[in-house]
Amino acid sequence: MTTRTVSIPACYEHAGMLSWTVELEWVCPVCGGPRGEPRDGFSYDGSRRLVVSVWKNPCGHVDKYEDIRRRLLEAATPPAA
C-alpha cells in the first residue's frame with residue numbers, strides 16, 4: 001500500500017506553531033480510492049495560520065484533519081486490559 005508523509009495541524013487551536021508530520025496510507029478512508037496529490041497550504045485556527053499539507057481527493061470525499069488525528073490516536077492507543 002502506498003503511503004505519504006504529510007504535515008497536519010496537531011490540534012484545532014494550533015497557534016500557528018503546532019503541527020505533526022505523519023505517514024498516512026494514501027487512500028480515501030471513506031471509499032478506498034486514492035487521495036489527491038499533497039501540496040503546501042494553510043490551516044487557520046481563527047487567529048493564526050500554519051503551513052500544512054493539503055490535498056483534494058479525486059473521489060470528492062473530504063479528509064478532515066480532526067478525523068485523521070482521531071484515527072492516528074486510536075491506532076496508537078493500546079486496548080484496555
- Query: Atom OH of Y65 and atom OG of S7: how far apart are they, to the nearest 0.5 Å?
  - Reply: 8.0 Å
- Note on the structure: Taken in chain and number order and not counting sequence neighbours, the residues that satisfy side chain to side chain donor-acceptor pair (under 3.5 Å) with T3 are E23
- Message: Once salt bridge (charged side-chain N to carboxylate O under 4.0 Å, His left out) is applied, do any residues pair with D45, and if so which ones, sequence neighbours excluded?
- Response: none
- Could you note down all residue pairs passing salt bridge (charged side-chain N to carboxylate O under 4.0 Å, His left out) where residues 51-67 supplies at least one of them, sequence neighbours left out? R35-D63, D67-R70
- Item | Test log, rule side chain to side chain contact (heavy atoms under 4.5 Å, CB included), inputs R39 and V54 | CA-CA 6 Å; R39 61 182 173 79; V54 298; 3.6 Å; yes
- Item | Donor-acceptor under 3.5 Å (N57 side chain, G36 main chain) | yes
- Residue set satisfying side chain to side chain donor-acceptor pair (under 3.5 Å) with R69, at least two apart, ordered chain then number -> none
- Task: Drop me the distance from I8's CD1 to S53's OG, to the nearest 0.5 angstrom.
- Result: 9.0 Å
- Task: Side-chain contact test, heavy atoms from C-beta onward, threshold under 4.5 Å: evaluate it for R49 versus S43 and give yes or no.
- Result: no
- Message: Quick test of your reading: applying ring pair (Phe, Tyr, Trp, His ring centres under 6.0 Å), list the pairs with at least one residue in residues 10-53, sequence neighbours left out, ordered by first then second residue.
- Response: W26-W55
- Calculate, to the nearest 0.5 Å, the distance between atoms SG and CG belonging to C11 and L18 respectively. 5.0 Å
- Message: Tell me every residue that passes side chain to side chain donor-acceptor pair (under 3.5 Å) with R4, counting only those two or more places apart in sequence or in another chain.
- Response: E37
- Message: Any non-hydrogen side-chain atom of L24 less than 4.5 Å from a side-chain atom of I68?
- Response: yes
- Minimum heavy-atom distance L50-S19, with the two atoms named: CD2-CB, 3.9 Å
- Item | Steps toward side chain to side chain contact (heavy atoms under 4.5 Å, CB included) verdict (T21, V6) | CA-CA 6 Å; T21 300; V6 294; over 6 Å; no
- Query: Is there a side chain to side chain contact (heavy atoms under 4.5 Å, CB included) between T5 and V22 once you walk through the steps?
  - Reply: CA-CA 5 Å; T5 301; V22 298; over 6 Å; no
